[in-house]
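Okay, structure first, notes after.
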Amino acid sequence: MLTFTQKFTKMLVKKTFGLSLLVALGLPTVNAQTYLTPGVYTYNVPPDTASLQITLKGGAGGAGGWDDAHGGDGAGGSVLEASIAVKGGETVDIVVGDGGQGALGNPNLGQGGTGGGLAAALPGAGGSGGTKGPAGSSPGGAGGGGASFIKIEGAIALAGGGGGGGSNSVIRGPSNTWNIPADSATNNLILNLQDPNCFTPTNGGMGESGPAGVDGSGGSGGGGGYLGFSGVGGAYGVDRTIDKNGQPGTSGASCTLDAGDYRITNASVISVGNPSSSNKTTKGTNEASGEAGSVTINAIPAVMHTITLRAEANGAIDPSVQQTVRAGTISIFTITPNADYTTDVVAGCGGSLTGNIFTTAEINADCIVTASFKNSAPPTPTVATPVPTLGTWALALLAGLLAFLGYRRRA
């Protein structure tokens, strides 16, 4: 029987684009890790990992409260998918956002719901709902959902939380009808790429509380997001005299930001999580809180290639043993000829030689580097054999002998 985590992971594989694509391509998903409980975590990237496929979901906003009609639904958090280039061995910081608390019923009717993650002081928490106006018995606002995000070596990807649904006040509608439901919160799926402010997760705005002398519902909290793009809290409602329901909070935006070699690609907000549904039949009960966010990380192993080194006689390549390298990287080798030899030809792996350093092109297949060497010693000089010569006395004796022989022939 599958565990709850296995069932959830299986559901994600089927229903989310990124992991479905991995399955379709036959890429391994055995390193998938899913975080379902709101809080702070760390994830250690396995060695020789090329990239992380991530799915982030922000927490949903809580549902709004009932006064003369039902409140609005809380918005689901954004679901962000992306890929992050890594080297392997890094530590990823993770925050899973919480869902916002729904508007409270009896005996706490009129109090605002707590923003998702506020109690645990999570960064990017949702804003709390405002309290009712003190002049009546209307509901407070709902809390917004918290953002979920990951950080690695200065890069960040963040999925915004959903806004809390509006709480109802007793207001007039057409033909003097009074049961006008409050508005539901919406999520516009905003994604801002490469925004420097993304590195600063920011809490959603608090819903407005009704001021003294006002009978009406509290405004609902905004969803968590990041600096300049967190959700805004809703305005308080006013019964009868102005006829205004408490307003829903807006949802937080999502964002990405690269840092050096840590690049986030293929980022998209593909959907929203489940909204929190307000009670449509019963007044005075606690409204539904938003679902928690989640983070799923799948480590994609790097593709590896081998470089074979072959040095001919009278020289060496350093390192000399076969190298296993990641696809897309370059390798550098030192070429050293023996004494009285010079490097002749070094070739292979698309590389080039500068001085005694051989640098390959990007390695995208197995390849071989070969080096040959030639003799550089000067040739040995040839020494001439000396011709024998006669000394002075030998020459005189030879002359005398020749004269004697000539005299005898004349005689």
Side-chain angles (χ1 to χ4, degrees), residues 18 21-22 24-32 43-54 81-93 150-157 193-194 196 198-199 256-267 297-339 341-374 376:
L21 179 60
L22 295 179
L25 296 176
L27 296 175
T29 58
V30 295
N31 292 321
Y43 170 84
N44 296 318
V45 180
D48 295 326
T49 298
S51 64
L52 301 177
Q53 299 287 339
I54 61 170
E81 289 192 339
S83 176
I84 305 176
V86 296
K87 301 173 182 178
E90 301 93 340
T91 297
V92 181
D93 296 316
I150 67 168
K151 289 183 176 181
I152 176 171
E153 301 294 337
I156 182 171
L193 302 177
Q194 304 309 317
C198 187
F199 200 75
T256 66
L257 178 65
D258 294 347
D261 293 334
Y262 294 88
R263 298 184 299 275
I264 301 175
T265 57
N266 301 320
I297 300 177
N298 189 71
I300 307 302
V303 176
M304 309 300 287
H305 296 297
T306 58
I307 302 176
T308 301
L309 291 313
R310 293 178 182 172
E312 296 182 5
N314 303 309
I317 303 175
D318 183 36
S320 60
V321 297
Q322 178 175 287
Q323 302 293 297
T324 301
V325 300
R326 290 169 59 131
T329 61
I330 64 172
S331 293
I332 297 175
F333 302 94
T334 302
I335 312 300
T336 306
N338 292 348
Y341 283 83
T342 59
T343 301
D344 186 13
V345 177
V346 184
C349 300
S352 60
L353 182 67
T354 302
N356 67 334
I357 301 300
F358 184 80
T359 304
T360 70
E362 289 189 359
I363 304 299
N364 290 303
D366 295 348
C367 58
I368 300 171
V369 173
T370 59
S372 61
F373 308 91
K374 60 184 178 181
S376 62

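Here the closest heavy-atom approach between residue C198 and residue I156 is recorded as O-CD1, 3.4 Å. The shortest heavy-atom contact between A299 and P46 is CB-CD, 3.9 Å. Nearest heavy-atom pair across I307 and L309 is O-CD2, 3.5 Å. Across all non-hydrogen atoms, the minimal contact from E312 to S372 is OE1-CB, 3.2 Å. In this structure, A311 and F373 approach most closely via the heavy-atom pair CB-CE1, 4.5 Å.
Considering V369, N356, I357 as possible partners of V346, the one that fulfils the side-chain contact (heavy atoms from CB on, under 4.5 Å) test is V369.
D258 places a side-chain N or O within donor-acceptor distance of the main-chain N or O of I264, the cut-off being under 3.5 Å. Between the side chain of D48 and the backbone N or O of A302 there is no donor-acceptor pair closer than 3.5 Å.
Side-chain contact between Q194 and T256 is present, with heavy atoms from C-beta onward closer than 4.5 Å. Two residues are said to be in side-chain contact when any heavy atoms from C-beta on lie closer than 4.5 Å; F358 and I317 fail this criterion.
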Listed pairs under 3.5 Å, donor-acceptor, residues 325-338 side chains, sequence neighbours left out:
{"from": "R326", "atom 1": "NH1", "to": "T49", "atom 2": "O", "distance (Å)": "3.0"}
{"from": "R326", "atom 1": "NH1", "to": "K87", "atom 2": "O", "distance (Å)": "2.7"}
{"from": "R326", "atom 1": "NH2", "to": "T49", "atom 2": "O", "distance (Å)": "3.3"}
{"from": "R326", "atom 1": "NH2", "to": "V86", "atom 2": "O", "distance (Å)": "3.0"}
{"from": "T329", "atom 1": "OG1", "to": "R326", "atom 2": "O", "distance (Å)": "2.7"}

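Under the rule for a side-chain hydrogen bond (donor to acceptor under 3.5 Å, both in side chains), Y341 has no partner lying at least two apart in sequence or in another chain.
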